[in-house]
Amino acid sequence: MKKKVVVFSQIDNEILMRLEQQYHVVQINPKKGDINQQILEESRDADGMIGAGRRLNESNLKHAEKLKVISSVSVGYDNYDVSYLNQKHIWLTHTPHVLTETTADLAFTLLMSAARKVPSLDAWMKQGQWSRTAGPEQFGVDVYGKTLGIIGLGSIGAAIARRGFYGFNMNVLYHNRREKIEIAEQFKAEFCSLDNLLSRSDFVVIAVDLNAASKSLIGARELQLMQQHAVLVNISRGSVIDEKALIDALKSRSIFAAGLDVYEKEPLQASELFELDNAVTLPHVGSATAQTRKRMAELAYENLVDALEGRQPRCVVKKAV
Ligand code: 8YV
């Protein structure tokens, strides 16, 4: 009898076809009703699950007696109850490294777009507003040679530092739970406290995992430490920032702008952020290129099949969130 695999979000078609040739595949379909109820029911006799962007924990996995592996098509895993999965001896795998450069590119896309007001000036021009040489209203802020502060010097943070140091001759600061001397020295990056980084940086980029230590890391106090010409970029998880405090800071223009790819609640279809000309908002597209999502799906497929076929998967999440 074929093993059962539950696909709990949209995945690459070619990978889906491969899975359907090997296993009994059931896809969770939002059109069929409550997603959590579907997961609760379909996971009962599932051997494996693959997907991303869904909260999986005891509430919807409590009947999953046969479940051996959850293969996440993501590097982040804050949406899974890792402690519960460890307790149930269910492997959780993810897709690190294959999306690093693509996500770092997006971080710089947001940094530059926010610095030079690209979305609002594009809209302004397309409304036929351009009638004379650009003036103070259209001025952005310089990037080249400025100070880049990175919160979280993991592989994505390091890739962002590389872009700033080599591409824009930036002075790099970083804040991390511990110093990363070997990585930092590649970019002459200075390890500093969060407050020091926030007060000195012209550009602050958040690239941390979401966990108990990083949740609400950036609130009103931290935003007040930033300079009025500073830009904040977030490509990590929305809950790292107190979104209401950020909206207040943008409204009062206590910071120049924000470039955001993630939000406290997702998907986000209405927000005060959408009314702000100094908020650049993207729909969680950090890894969203065809090539990278294909690589993520292939790695997630390998992790899943390895686990189902009795082999140790390459990218197991070991630590509790
Ligand atoms: C995922 C991401 O595609 O990898 C991650 O952690 O945030 C994205 O690249 C997203 O989580 C899918 O929902």
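What you see is a predicted model; the values in this text were computed from it and never measured. Whatever order the structure lists them in is the order used to number ligands and atoms, beginning at 1. Keep in mind that the numbers below use all heavy atoms, side chains included, and drop hydrogens, waters and symmetry copies.
The 12-atom threshold is exceeded at CD of Gln312, counting heavy atoms of other residues, nucleotides or ligands nearer than 6.0 Å. Within 6.0 Å of the CZ atom in Arg116, the count of heavy atoms belonging to other residues, nucleotides or ligands does not exceed 12. The local environment of CZ in Arg311 is crowded, with over 12 non-hydrogen atoms from other residues, nucleotides or ligands closer than 6.0 Å.
Atom numbering of ligand 1 starts at 1 in the shown order; those under 4.0 Å from a heavy atom of Gly76 are 4 (O), 5 (C), 6 (O). In summary, the atoms of ligand 1 found under 4.0 Å from a heavy atom of Ser287, numbered by their order in the structure, are 1 (C), 3 (O), 8 (C), 9 (O). Ligand 1 places these atoms under 4.0 Å from at least one heavy atom of Gly53: 13 (O). The atoms of ligand 1 that sit less than 4.0 Å from any heavy atom of Leu99 are 4 (O), 9 (O). Near Ser74, meaning under 4.0 Å from one of its heavy atoms, ligand 1 places the atoms 4 (O), 5 (C), 6 (O), 11 (O).
Scanning all protein heavy atoms for the shortest distance to atom 4 (O) of ligand 1 gives Val75 N, 2.8 Å. With respect to atom 7 (O) of ligand 1, the closest heavy atom belonging to the protein is His284 NE2, 2.6 Å.
In this structure, Lys117 contributes its side chain and Glu137 its backbone to a donor-acceptor pair below 3.5 Å.
Counting heavy atoms closer than 4.0 Å to ligand 1, residue Thr95 contributes nothing at all. By the criterion of a heavy-atom distance under 4.0 Å, the side chain of Arg293, and not its backbone, is placed next to ligand 1. Only the side chain of Arg237 comes within 4.0 Å of ligand 1, counting heavy atoms alone; its backbone N, CA, C and O stay farther away.
Taking the six-membered ring for Trp and thresholds of 30 and 60 degrees, His175 and Phe191 have nearly parallel ring planes, at less than 30 degrees apart.
Under the ring pair (Phe, Tyr, Trp, His ring centres under 6.0 Å) criterion, Phe165 pairs with no residue at all, not counting sequence neighbours.
The six-membered or imidazole ring of Phe168 lies near that of Phe108, with a centre-to-centre distance under 6.0 Å.
In terms of polar-atom proximity, Ala52 is not counted as a contact of ligand 1, lacking any N or O under 3.5 Å from an N or O of the ligand.
Ion pairing between a basic and an acidic side chain is recognised when a charged N comes within 4.0 Å of a carboxylate O; Lys32 and Glu41 show no such pairing.
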